Amino acid sequence: MSGTDTDPIFIRATSKRNGITSIVIGIAGLLISALWLTFAPDWLFLAGIFITSASLVALLIGWFKLREPEHSIEITPQSITYNHRLGNWNLDWDNVQRIDCPRVRHGLDHVDLEAIGFRIKDYTPFLRSVSPRLATHLLMEQRPLLLQNRDENCATGSCYEQSVFDDKHFKLSDGEVLTGIKAMLANRMTQLRERLGFDVFISATELDRTPGEFSSLMKECQEARHRAVASE
């Protein structure tokens, strides 16, 4: 996106595209199926049921797309904000250590995951910005990442189960002790850092470009922030 250095950059998720189109297709399909079931012969009844089912699925997909925020990510000179229908999280640029596409081993090769990873300096402000509902969603969404770069000596899978349900207390840098969902998220972040090198992840479906292109954009923004701080 173009603009001045102080203009916010808004990212619209690819998963939100065509929401209205899905709704229109679903409504049109229901109208067609109503006519079909009314006038078609009995031996075409099952085809009418199939059209009705497909139309309802299209309506649901469109509804879920439209429920999501207009912009999934907002980037300003001060911070990065991730928006979700269950809440949002915020990261100050000064708290970001590294941004890149996480890579995993596949045999002798390394492959980029379809995600963007953030390695942060201090968990405290990030965890305080996350609502419990969003924290629960992140735990579920990022659970498959625990399978990446896992310990080859853990053949039984018990290590994975322990990682999923790691609900022990977590102590923040200022001495506050977290329990419950926030503690589980904090422990998950430390596990993902050990396996993938990053604490927080955004799926490629939440982006408007490839993870590699988005990573380059974020690095440019981070460099601009460093220059702005140095010139103060």
Side-chain angles (χ1 to χ4, degrees), residues 8 11 69 71-104 113 115-151 153-154 158-203 206 214-215 218-219 221-232:
I11 304 298
H71 299 102
S72 58
I73 304 170
E74 179 180 349
I75 307 166
T76 71
Q78 293 75 37
S79 64
I80 310 149
T81 301
Y82 168 73
N83 299 308
H84 190 272
R85 60 184 174 82
L86 298 177
N88 57 58
W89 57 249
N90 183 270
L91 267 178
D92 289 340
W93 280 112
D94 296 338
N95 194 29
V96 176
Q97 181 176 345
R98 182 185 170 210
I99 305 171
D100 211 337
C101 298
R103 310 189 77 193
V104 296
L113 293 178
I116 287 293
F118 297 80
R119 188 180 178 101
I120 61 181
K121 300 174 183 177
D122 184 4
Y123 285 6
T124 302
F126 172 81
L127 290 169
R128 286 181 175 158
S129 74
V130 180
S131 69
R133 292 180 66 199
L134 180 59
T136 302
H137 170 76
L138 293 177
L139 284 169
M140 297 299 295
E141 180 186 58
Q142 299 179 357
R143 183 168 55 183
L145 294 174
L146 291 174
L147 293 173
Q148 307 296 335
N149 286 346
R150 62 185 182 276
D151 188 354
N153 297 321
C154 187
S158 60
C159 303
Y160 170 70
E161 294 176 0
Q162 294 170 4
S163 299
V164 170
F165 301 106
D166 191 351
D167 59 352
K168 64 178 180 289
H169 295 176
F170 187 90
K171 188 174 183 179
L172 297 177
S173 58
D174 61 359
E176 179 185 354
V177 177
L178 297 179
T179 60
I181 291 296
K182 289 287 190 79
M184 291 181 68
L185 179 59
N187 290 320
R188 173 69 59 80
M189 290 165 62
T190 60
Q191 294 158 7
L192 291 174
R193 174 181 283 209
E194 291 175 0
R195 299 190 184 194
L196 298 174
F198 300 94
D199 309 292
V200 184
F201 298 82
I202 296 179
S203 170
E206 302 288 345
F214 186 77
S215 174
M218 298 299 282
K219 290 175 181 177
C221 293
Q222 189 174 31
E223 291 174 0
R225 172 63 180 174
H226 291 162
R227 290 195 299 269
V229 172
S231 64
E232 291 179 355

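We count residues from 1, following the sequence as given. All values derive from a computational prediction rather than experimental measurement.
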Exercise for the section: Determine whether Asn95 and Pro125 make a side-chain contact, defined as any pair of heavy atoms from C-beta on separated by less than 4.5 Å. Expected result: yes
Practice task
Output the distance between atom OG (Ser131) and atom NE2 (His137), rounded to the nearest 0.5 Å.
Solution key: 10.5 Å
Practice task
Find out whether Phe201 and Leu113 are in side-chain contact, i.e. whether some heavy atom of one side chain is under 4.5 Å from a heavy atom of the other.
Solution key: no
Practice task
Not counting sequence neighbours, list each pair that qualifies as a salt bridge (Lys or Arg N to Asp or Glu O under 4.0 Å) and has a residue in residues 123-136.
Solution key: Arg128-Asp174, Arg128-Glu176
Exercise for the section: Output yes when a side-chain donor or acceptor of Ser129 lies under 3.5 Å from a complementary backbone atom of Leu91, and no otherwise. Expected result: no
Handout entry: Side-chain heavy-atom pair Val96, Phe126 within 4.5 angstrom cut-off
Key = no
Handout entry: Side chain proximity check, Ile80 to Phe118, heavy atoms < 4.5 angstrom
Key = yes
Problem - Results of ring pair (Phe, Tyr, Trp, His ring centres under 6.0 Å) for Tyr82 - residues two or more places apart only - result: Trp89
Practice task
Look only at the side chain of Ser79 and the backbone of Asn90, and say whether a donor-acceptor pair between them is shorter than 3.5 Å.
Solution key: no
Problem - Interatomic spacing from CG in Asn88 to CD1 in Ile73 - rounded to 0.5 Å - result: 12.0 Å
Exercise for the section: State whether Asp94 and Arg225 are salt-bridged, where the test is any N-O pair (Lys NZ or Arg NE/NH1/NH2 against Asp/Glu carboxylate O) under 4.0 Å. Expected result: yes
Practice task
Can you measure from CG (Asn187) to NZ (Lys168) and round to the nearest 0.5 angstrom?
Solution key: 4.5 Å
Handout entry: Asp199 side-chain N/O to Arg193 backbone N/O, donor-acceptor pair under 3.5 Å
Key = no
Problem - Any side-chain heavy-atom pair of Ile116 and Cys101 under 4.5 Å - result: yes
Problem - Side-chain heavy-atom pair Tyr123, Phe170 within 4.5 angstrom cut-off - result: yes
Practice task
Begin with the C-alpha distance, continue with both residues' side-chain angles, and end with the deciding distance and a verdict on salt bridge (charged side-chain N to carboxylate O under 4.0 Å, His left out) for Asp100 and Lys219.
Solution key: CA-CA 8 Å; Asp100 211 337; Lys219 290 175 181 177; 3.5 Å; yes
Fill in the blank from the handout: When rounded to the nearest 0.5 Å, the distance separating CE of Met189 from CG of Leu139 is 10.5 Å
Fill in the blank from the handout: Sorted by chain and number, sequence neighbours left out, side-chain hydrogen bond (donor to acceptor under 3.5 Å, both in side chains) with Asp122 holds for Thr124, Ser173
Exercise for the section: Check for a donor-acceptor pair, side chain of Ser203 on one end and backbone N or O of Glu206 on the other, with a separation under 3.5 Å. Expected result: no
